[in-house]
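Worksheet: one structure, shown below.
As a basis for the values below, the full set of heavy atoms in this structure was taken, side chains included, without hydrogen atoms, waters or symmetry mates.
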Amino acid sequence: MPNTAGHRVYAIGDIHGCLAEFAEVIARVRTDLENHPHPQPLLVLIGDYIDRGPDSRGVMDALITLEQAALPTVFLIGNHDAMLLDYLSDPVEWASQKYHWFHAALGGDKTVASYGVADADPYDPAAVQSAIRAAVPDTHREFLERATLYKVVGDYLFVHAGIRPGIPLEDQVRDDLIWIRDPFLLESGPHPHIIVHGHTVVPRVQHHHNRIAIDTGAVFGGTLSCLVFEGAEVWDLQPNGRLACPPGTGLN
């Protein structure tokens, strides 16, 4: 049976600039802790804090406030968060798949707009780099630079996108941990840990035998999911309380 090494873990999926939804889920976590106290709670945010949604800047401010709060929290980096850092380093020479970060398909245009920079052109990305560098506070950039790639708690590994099957954890590469899809999603065999991940949107939380998908598309009109892990138990933390989420949940 899986264990959480004495911790209770609250894991929140991809936020993508949805500040109101994030605030509501954090309030839900605090209510659950009040109703069910635990000596070793841990909050894990799965990454993709920005892009596509209406208030990426507001989410970043909320994350920094949360970092200073009493609840121990692990902040993982997602591919969208990495794209902001990559852009600040070099606006042109990096590429993500076939789109620049500013392209509406990736949602960087919404992020820079939330910082007050208009007219970010994916076909001339260098044109506004100085404005964006000035608009993004150093505290926001430094926060994302501090974010970690993964967190192991007992038998669980929390990571943004997944892992490359068959590769030891210490040999995994950053791009796989924040970008991978099919080689990981299609793997039916066991992993060294049960992988809890976001990145790939699912209509509801999916609890496979070897991984648990928790990006339920808040920015696309879905929900911002939060799972609770304690010992061998897994719950989906709903607005009205915990809902059991055993293996097989969401797979039919």
Side-chain angles (χ1 to χ4, degrees), residues 4 8-32 41-56 58-60 62-63 66-67 71 73-83 106-107 110-111 144 147-151 153 156-163 177-181 184-185 193-208 210-230 234-239 241-247 249-251:
T4 52
R8 176 192 296 158
V9 181
Y10 297 88
I12 298 176
D14 302 37
I15 300 168
H16 279 303
C18 296
L19 179 59
E21 292 85 348
F22 178 52
E24 194 278 329
V25 170
I26 291 298
R28 204 184 300 171
V29 169
R30 289 180 169 140
T31 297
D32 187 77
L42 180 66
L43 178 63
V44 177
L45 304 186
I46 214 74
D48 275 7
Y49 309 118
I50 63 171
D51 292 352
R52 296 181 175 144
D55 197 356
S56 290
V59 168
M60 291 296 299
L63 294 173
L66 183 61
E67 187 180 35
L71 178 60
T73 304
V74 173
F75 301 91
L76 302 180
I77 191 166
N79 59 308
H80 284 264
D81 314 313
M83 284 190 279
L106 293 177
K110 296 290 195 302
T111 294
L144 292 179
T148 190
L149 284 168
Y150 61 84
K151 176 67 175 179
V153 183
Y156 293 93
L157 186 148
F158 299 85
V159 64
H160 178 66
I163 62 171
L177 296 173
I178 65 176
W179 278 105
I180 200 166
R181 292 196 195 275
F184 166 66
L185 299 175
H193 301 85
I194 298 172
I195 313 299
V196 182
H197 67 96
H199 186 56
T200 298
V201 177
V202 290
R204 58 179 296 204
V205 168
Q206 292 183 348
H207 191 160
H208 300 260
N210 60 355
R211 65 180 179 88
I212 305 174
I214 67 170
D215 179 5
T216 45
V219 76
F220 300 118
T223 61
L224 180 58
S225 289
C226 177
L227 291 197
V228 185
F229 299 83
E230 187 172 348
V234 182
W235 297 274
D236 189 345
L237 190 57
Q238 300 280 320
R242 299 179 180 186
L243 179 66
C245 186
T249 299
L251 303 186

Give the minimum heavy-atom separation between L19 and G58, together with the two atoms involved.
-> CD1-O, 3.7 Å

Side-chain contact, heavy-atom cut-off 4.5 Å: D32 with W235?
-> no

Shortest non-hydrogen contact from V25 to C226?
-> CG1-CB, 3.7 Å

Under the side chain to side chain contact (heavy atoms under 4.5 Å, CB included) criterion, do L149 and V159 qualify, and how do the steps go?
-> CA-CA 6 Å; L149 284 168; V159 64; 5.8 Å; no

Begin with the C-alpha distance, continue with both residues' side-chain angles, and end with the deciding distance and a verdict on side chain to side chain contact (heavy atoms under 4.5 Å, CB included) for T200 and F184.
-> CA-CA 11 Å; T200 298; F184 166 66; over 6 Å; no

R204 to T249 - nearest heavy-atom pair and separation | NH2-CG2, 3.6 Å

Atom CD1 in I214, atom NE2 in H197: separation rounded to 0.5 Å?
-> 8.5 Å

H199 versus I46: any side-chain heavy-atom pair under 4.5 Å?
-> no

D51 side-chain N/O to G17 backbone N/O, donor-acceptor pair under 3.5 Å | no

First locate atom CG of L71, then atom CG of L42, and finally report the distance between them rounded to the nearest 0.5 Å.
-> 7.5 Å

Beyond-backbone contact of V74 with F158, side-chain heavy atoms, under 4.5 angstrom = no

Side-chain heavy atoms of L227 within contact of V234, under 4.5 Å = yes

Take R52 and F220 through the side chain to side chain contact (heavy atoms under 4.5 Å, CB included) test and state the conclusion after the steps.
-> CA-CA 9 Å; R52 296 181 175 144; F220 300 118; 3.9 Å; yes

In short, D14 meets G198 closest at the heavy-atom pair OD1-CA, 3.4 Å

What residue among I26, T216, I15, V219 forms side-chain contact (heavy atoms from CB on, under 4.5 Å) with L224?
-> I15

Please test Y156 against V9 for side chain to side chain contact (heavy atoms under 4.5 Å, CB included), starting from the C-alpha separation and ending with a verdict.
-> CA-CA 10 Å; Y156 293 93; V9 181; over 6 Å; no

Between S56 and T111, which heavy-atom pair has the shortest distance, and what is it?
-> OG-OG1, 3.2 Å

L43 CG to L66 CG distance, which is reported to the nearest 0.5 Å | 6.0 Å

Would you mind reporting whether H208 and L251 have side-chain heavy atoms less than 4.5 Å apart?
-> yes

Measure the CD1-CG distance between I178 and D81 for me, rounded to the nearest 0.5 Å.
-> 8.5 Å

The reported gap from CD1 in I163 to CG in L157 (rounded to nearest 0.5 angstrom) is 6.5 Å

Donor-acceptor pair, D48 side chain versus H80 backbone, under 3.5 Å?
-> yes

Check whether any side-chain heavy atom of I194 sits under 4.5 Å from a side-chain heavy atom of N210, and report yes or no.
-> no

Got a sec: does the CZ of R30 have more than 12 other heavy atoms crowding it under 6.0 Å?
-> no

From OG1 (T223) to CG (D215), nearest 0.5 Å = 9.5 Å

L45 and F22, any side-chain heavy atoms less than 4.5 Å apart = yes

So do the side chains of R8 and V228 get within less than 4.5 Å of each other, counting heavy atoms only?
-> yes

Under 3.5 Å, is there a donor-acceptor pair between the side chain of H160 and the main chain of L177?
-> no

